[in-house]
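Encoded as structure tokens, the structure appears first; notes follow it.
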Amino acid sequence: MAKLLKNGKILGEDGSLIEIDILIEKDLIKEMNNNISEVDHEVIDLEGKAIFPGFVDLHVHLREPGGEYKETIATGTLAAARGGFTTIAPMPNTRPVPDCKEQMEWLNKRIEETAVVRVLPYASITVRELGKEMTNFAELTEAGAFAFTDDGVCVQDASMMLNAMKEAAKLNKAIVAHCEEETLINKGSVHEGQFSKKMGLNGIPSVCEAVHIARDVLLAEAAGAHYHVCHISTKESVRVVRDAKRAGIRVTAEVTPHHLLLSEEDIPGLDTNYKMNPPLRGLDDKQALIDGLLDGTIDFIATDHAPHSAQEKSESMALAPFGIVGLETAFPLLYTHFVETGIMTLKDLVANLTIKPCEAFNLPYGKVQVGEKADLTVVDLEHSEKIDPNNFLSKGKNTPFTNWECKGWPVLTIVDGNVAWKREEV
């Protein structure tokens, strides 16, 4: 039986919300019109709520295999669905790493068995992400690799990175980079700035990130490759990417909600829920990220959802692992603090979570149109509630946003025409 979404609203070309009914048949949008007949259809009355393309997050950590106590493909994809995400791409820093055909095939089989949203797995650039031996890109692509990255670490050897970019370019695959120059990390746990000095902590300087991006954009130019910068965090990095784009280099970049919303000045003492990599930077860096997103230097938003156990996060700021969760809070945080405040339009926010990541990686999703995949996220733009980690479907509860009051909560997520998650009252 076809599904009929009644009395919803979609974004018009001018950014206004337009009343519409949407008929879903199998995995596709069959019809969009007013007053579609309810006869012989499963009817879901949306009561004026907004219908957006399913959100797309191209940087998450699902921890499986090897870290199932932190997250699994099942729990992580359910958290994604609750956050309105219908397509996600998990990083390969698992144990074992998806660095060979057999492991990638195992991972895709596990995804097929347990995921409730679409999952596009990355393969690693180097064997075990050790930076010493390049993986077989052709075999991994054949086995279903989405793109290539050693996220969690950075490829330090420039020759290795250049060869990887050349191989990826042959296969029309992207090289995706967590950017850190290891000789400049300084055993840091936070940004090298006011907070690190105040607390007596080792700091990670901004140049640690920016110098690697500067190296890599030139390598990408030489290789003719698509190079993508993970979780950009500094004003210098934004400048490098902006200059590279002006030079015609094929570089894209993402920014996280937490780097758009927080700076080192927001860290309330030695709270490890504010420890992430890259770290929260200065106020001028935060503003540069916002400006870069608004002017198109930064291509889209990704959460870098990174669940950890409560025990791990109870360690000291120096010893606790980097990372926070983000899938279930991204849209309400951004809607409340960017759209409601007039910094960004609703249309632009939705684009940064849907069509823009799809355009950057040539994915056929992110649209609400007849004939397109029925990947849809329904959001109650008026509902307001506080963020409560106890309600998370993710195993990870590690967030700095506890008790933040937010509007704009997803209530229904549909993937390939099937309901992946819905709020009880819908």
Side-chain angles (χ1 to χ4, degrees), residues 1-13 16-57 73-89 111-120 327-328 330-332 335 346-347 349-351 353-355 357-358 363-383 391 393 408-426:
M1 182 181 291
K3 290 183 181 67
L4 178 60
L5 305 184
K6 289 287 290 185
N7 304 315
K9 294 180 179 179
I10 62 168
L11 277 168
E13 286 296 320
S16 63
L17 288 167
I18 303 168
E19 292 185 5
I20 200 80
D21 295 344
I22 297 180
L23 182 64
I24 299 168
E25 194 170 279
K26 295 183 180 178
D27 62 341
L28 299 176
I29 297 174
K30 178 72 172 179
E31 183 181 353
M32 297 174 62
N33 218 323
N34 290 317
N35 300 315
I36 297 176
S37 172
E38 299 182 12
V39 177
D40 296 329
H41 302 319
E42 176 191 345
V43 178
I44 303 175
D45 188 349
L46 300 182
E47 300 177 338
K49 297 179 181 68
I51 307 170
F52 301 131
F55 303 150
V56 176
D57 190 347
I73 293 166
T75 61
T77 57
L78 195 57
R82 181 174 182 258
F85 291 91
T86 57
T87 299
I88 60 174
I111 289 166
E112 184 179 350
E113 291 169 346
T114 64
V116 299
V117 303
R118 185 178 298 105
V119 180
L120 308 174
L327 283 167
E328 295 173 73
F331 187 85
Y335 178 76
L346 176 59
K347 185 178 180 182
L349 173 57
V350 171
L353 291 168
T354 58
I355 192 64
C358 290
L363 294 172
Y365 314 118
K367 301 171 186 174
V368 181
Q369 294 175 3
V370 172
E372 297 290 347
K373 280 282 188 182
D375 291 350
L376 302 170
T377 296
V378 178
V379 176
D380 187 341
L381 296 174
E382 300 304 318
H383 179 72
N391 294 331
L393 298 180
W409 290 86
V411 296
L412 175 66
T413 303
I414 294 174
V415 182
D416 276 338
N418 298 310
V419 173
W421 174 83
K422 68 176 179 177
R423 201 168 179 129
E424 288 181 3
E425 62 266 28
V426 176

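Only this structure's heavy atoms are used, side chains among them; waters, hydrogens and symmetry mates stay out.
- Listed for the Lys3 side chain is no donor-acceptor partner under 3.5 Å among the backbone atoms of Ile44.
- Side chain of Thr354 to main chain of Val350: a donor-acceptor pair is present (N/O by atom type, distance under 3.5 Å, no hydrogens or angles).
- Of all heavy-atom pairs spanning Ala81 and Ala420, the tightest one is CB-CB, 4.0 Å.
- For residues 21-43, the set of pairs meeting the side-chain hydrogen bond (donor to acceptor under 3.5 Å, both in side chains) definition, not counting sequence neighbours, comprises Lys6-Asp21, Asp27-Lys373.
- Evaluation of the side chain to side chain contact (heavy atoms under 4.5 Å, CB included) rule for Ala330 yields Phe85, Pro257, Thr303 as partners, not counting sequence neighbours.
- Listed by first then second residue, pairs satisfying salt bridge (Lys or Arg N to Asp or Glu O under 4.0 Å) with a partner in residues 74-89 read Arg82-Glu328, not counting sequence neighbours.
- In this structure, Leu346 and Phe52 have side chains that are in contact, with non-hydrogen atoms separated by less than 4.5 Å.
- Residues forming a side-chain hydrogen bond (donor to acceptor under 3.5 Å, both in side chains) with Thr75 (at least two apart in sequence, or on another chain): Glu71, Thr72.
- Glu19 pairs by the salt bridge (charged side-chain N to carboxylate O under 4.0 Å, His left out) definition with nothing, not counting sequence neighbours.
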One pair to check against side chain to side chain contact (heavy atoms under 4.5 Å, CB included): Thr77 and Thr114. What are the steps and the verdict? CA-CA 9 Å; Thr77 57; Thr114 64; over 6 Å; no

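- Heavy-atom minimum distance, Gly366 versus Cys358: N-SG, 4.0 Å.
- Partners of Thr377 under the side-chain hydrogen bond (donor to acceptor under 3.5 Å, both in side chains) rule, at least two apart in sequence or in another chain, do not exist in this structure.
- Taking both residues in full, the closest heavy atoms of Ala79 and Leu327 are given as O-CB, 4.1 Å, listed atom of the first, atom of the second, then distance.
- Every residue meeting the side chain to side chain contact (heavy atoms under 4.5 Å, CB included) condition with Glu13, not counting sequence neighbours, appears here in chain and number order: Lys347.
- Nearest heavy atom pair, residue Ile111 against residue Ile73, reads CG1-CD1, 4.0 Å.
- Taking CG of Asn7 as the start and CG of Asp45 as the end, the distance is 4.5 Å to the nearest 0.5 Å.
- Within the 4.5 Å cutoff, side-chain heavy atoms of Leu17 are placed close to those of Leu11.
- Sequence neighbours left out, the pairs with a member in residues 374-383 that pass salt bridge (Lys or Arg N to Asp or Glu O under 4.0 Å) are Arg118-Asp375, Glu382-Lys407.
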Side chain to side chain contact (heavy atoms under 4.5 Å, CB included) between Thr413 and Thr86, intermediate numbers included: CA-CA 7 Å; Thr413 303; Thr86 57; 3.6 Å; yes

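- Shown here are the side-chain hydrogen bond (donor to acceptor under 3.5 Å, both in side chains) partners of Asn418, two or more places apart in sequence or in another chain: there are none.
- Distance CD1/Ile24 to CD1/Ile29: 6.5 Å, rounded to 0.5 Å.
- The minimum heavy-atom distance linking Leu381 with Ala50 is given by the pair CD1-CB, 4.0 Å.
- Trp409 and His383 make their closest contact through CD1-O, 3.5 Å (heavy atoms, listed as atom of the first residue, atom of the second, distance).
- For Glu112, there are no side-chain hydrogen bond (donor to acceptor under 3.5 Å, both in side chains) partners at least two apart in sequence or on another chain.
- Note that CD1 of Ile51 and CG of Leu412 are 9.0 Å apart. Values are rounded to the nearest 0.5 Å.
- For the ring-ring contact (aromatic ring centres under 6.0 Å, His included) test, residues two or more places apart in sequence or in another chain that qualify with Tyr335 are Phe331.
- Residues satisfying the side chain to side chain contact (heavy atoms under 4.5 Å, CB included) criterion with Ile355, sequence neighbours excluded, are Ala351, Glu359, Lys367.
- Between atom CG of residue Leu5 and atom CD1 of residue Ile10 there is a gap of 11.5 Å, rounded to the nearest 0.5 Å.
- Rounded to the nearest 0.5 Å, atoms CG (Leu78) and CG (Leu393) are 4.5 Å apart.
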